[in-house]
There are 2 protein chains.
Amino acid sequence: MPKSKICIRKICFSVETVKRLSLYLRDLRKLAKKKIQFISSNKITQLLNISPAQFRKDLSYFGEFGKRGVGYEVEKLIKKLEEILGINKEWRIAVVGVGRLGSALLRFEGFSKFNIKIKTAFDIDKKKIGKVINGIKIEDVGNLERVIKKEKIKLSLICTPPQVAQDITNRLVSAGIRGILNFAPVALKVANNVFISNVDMACELEQLIFLLNNER
Amino acid sequence: MPKSKICIRKICFSVETVKRLSLYLRDLRKLAKKKIQFISSNKITQLLNISPAQFRKDLSYFGEFGKRGVGYEVEKLIKKLEEILGINKEWRIAVVGVGRLGSALLRFEGFSKFNIKIKTAFDIDKKKIGKVINGIKIEDVGNLERVIKKEKIKLSLICTPPQVAQDITNRLVSAGIRGILNFAPVALKVANNVFISNVDMACELEQLIFLLNNER
DNA sequence: TGGCATTTGTTCCTATTTTCACAAAGTATA
DNA sequence: TATACTTTGTGAAAATAGGAACAAATGCCA
Ligand SMILES: NC(=O)c1ccc[n+]([C@@H]2O[C@H](COP(=O)([O-])OP(=O)(O)OC[C@H]3O[C@@H](n4cnc5c(N)ncnc54)[C@H](O)[C@@H]3O)[C@@H](O)[C@H]2O)c1
Ligand SMILES: NC(=O)c1ccc[n+]([C@@H]2O[C@H](COP(=O)([O-])OP(=O)(O)OC[C@H]3O[C@@H](n4cnc5c(N)ncnc54)[C@H](O)[C@@H]3O)[C@@H](O)[C@H]2O)c1
């Protein structure tokens, strides 16, 4: 498969670049907390296991943010990255499947830092429907299309069993969802104007096992 | 950073290959359930968004498993992949931090398919220590080194707050842990004989937001 | 048995990604 | 102001990954 490439105004870069921008932002925020005003590409990437040239090139796709001989102004770069990533405005998301994982996510406060707000959740289990977790009401999955459309939600997490994940995906997309973070261990099929990101824990563990099993 | 490359007996391939092997295995198991005996590289990769040539090349690093004109015998390839990945024997793992995420993982049965067994869990919270979740006793994190060494555990998950994750990592490594799946949003530093894999949900969400925000 | 259809394993080529290396720009010091 | 450092931004080179294409096997059927 061709690696998905992103092109904005004739400038092309890979999704890897975008992932790294998130990592830069995370560390820049830590630096800001420590009241550090300026940081060089060298210093910031020492913490991250990424080369300084990579850092500079990643940023160069979006503009010139540094000052030669000095480095990057931490607060300014944070603002710029938030803008580039698009988290300078609020993103309301949905969660489908409020089981063990889904309810952990509903209770997690850490997303608010990125302006991500879980607005609604869906389940099929009558015992769960109507309950409120962390201020989020669990809706009947039967109302999925209606609620997603009404709330104009564009992004959803899938935390259902894998058997139903494709069906849920189809329904989400038909209701207007354009991005899905999928926790179910299944490769979802979607039109190519819908973005999917998979978190596959078993896959990650198997990779570690492979490495342990084959090391010298 | 150089992409980590894996070399076994003069044959080199990337970690991406290993991740894809996990995906192949997952789909092969589904085929086996449906009693399908043979599958071609063409058919299996249609489900996966990977090119047939990639599939064949990935396998070719480890041997010849197909039959020309026929395809791959599903059951046989499953066995081979389990062997290659190293999940033909049991892997006992530990979980550090039994909060919302950690307890969801303790209750998750899905890892057993991969011969992964959560053997022990640790927390610092007195209210949690001693409790048993899904047959797994929560130990005092003070006993981390002792228990890990005694049980000869080599793989651990970190589900603690990010502030303590590096300290926990250092202790795990000194106790003999060689692979870590990290859920805390922080870049862990380890010697290069220790393998780290990160699951960073915020990062994945930001990537989706970037894509939604920039699409035409 | 021979011809046709299918599919693998692998080579070679192409595309993408990462790193190198250096001019340009800025700082510091005297 | 001149000189010695720093550090960025970026084109060019190197390293990696992905894919097309084809010979070599295998099966099927007349
Ligand atoms: N729990 C973990 O630690 C873990 C780890 C790795 C992967 N996963 C994956 O994440 C997903 C969720 O895991 P979990 O442990 O939370 O499972 P779970 O069984 O605890 O929760 C699943 C939830 O989905 C709901 N559901 C089922 N069908 C539905 C439908 N059609 N519409 C809406 N809701 C529906 C169920 O009622 C339940 O509340 C699974 O695909 C699992 O494989 C979980
Ligand atoms: N919950 C989620 O949905 C979610 C999503 C993304 C990332 N994460 C990350 O996963 C990690 C865990 O998240 P959570 O929501 O389960 O948090 P949590 O606060 O519910 O759980 C953390 C657990 O770690 C324990 N702990 C704290 N210090 C410890 C120490 N020194 N040794 C051992 N245990 C210790 C706490 O007692 C608690 O039980 C965090 O780093 C979080 O950022 C969580």
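Order of the sequence lines sets the chain letters (A, B, ...), proteins ahead of strands, with each chain counted from 1.
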Given C:dT7, C:dT19, D:dA17, the nucleotide with the shortest approach to the side chain of A:Q54: C:dT19
Whether over 12 other heavy atoms sit under 6.0 Å from A:K79 NZ: no
Sugar-phosphate, base or nothing in reach of B:S14, heavy atoms under 4.0 Å: sugar-phosphate
Sugar-phosphate, base or nothing in reach of A:F65, heavy atoms under 4.0 Å: sugar-phosphate
Residue pairs passing the disulfide bond (SG atoms under 2.5 Å apart) test where at least one lies in residues 41-114 of chain A, sequence neighbours excluded: none
Whole-Å distance separating the CD atom of A:E64 from the P atom of C:dA24: 14 Å
D:dG19 phosphate, OP1 or OP2, under 4.0 Å from B:S51 side-chain N/O: yes
Touch class at under 4.0 angstrom, heavy-atom based, for A:F13 against every strand present: nothing
Nucleotide D:dA17, atom C1' - distance to CZ of B:F55 in whole Å: 18 Å
Stepwise ring-ring contact (aromatic ring centres under 6.0 Å, His included) check, A:Y61 with A:F13: CA-CA 7 Å; A:Y61 295 123; A:F13 47 92; 5.4 Å; yes
Whichever of A:D58 and B:K57 has its nearest DNA chain C nucleotide further upstream toward 5': B:K57
B/S/- contact track for nucleotides 21-30 of chain D, protein heavy atom under 4.0 Å: B--BBBS---
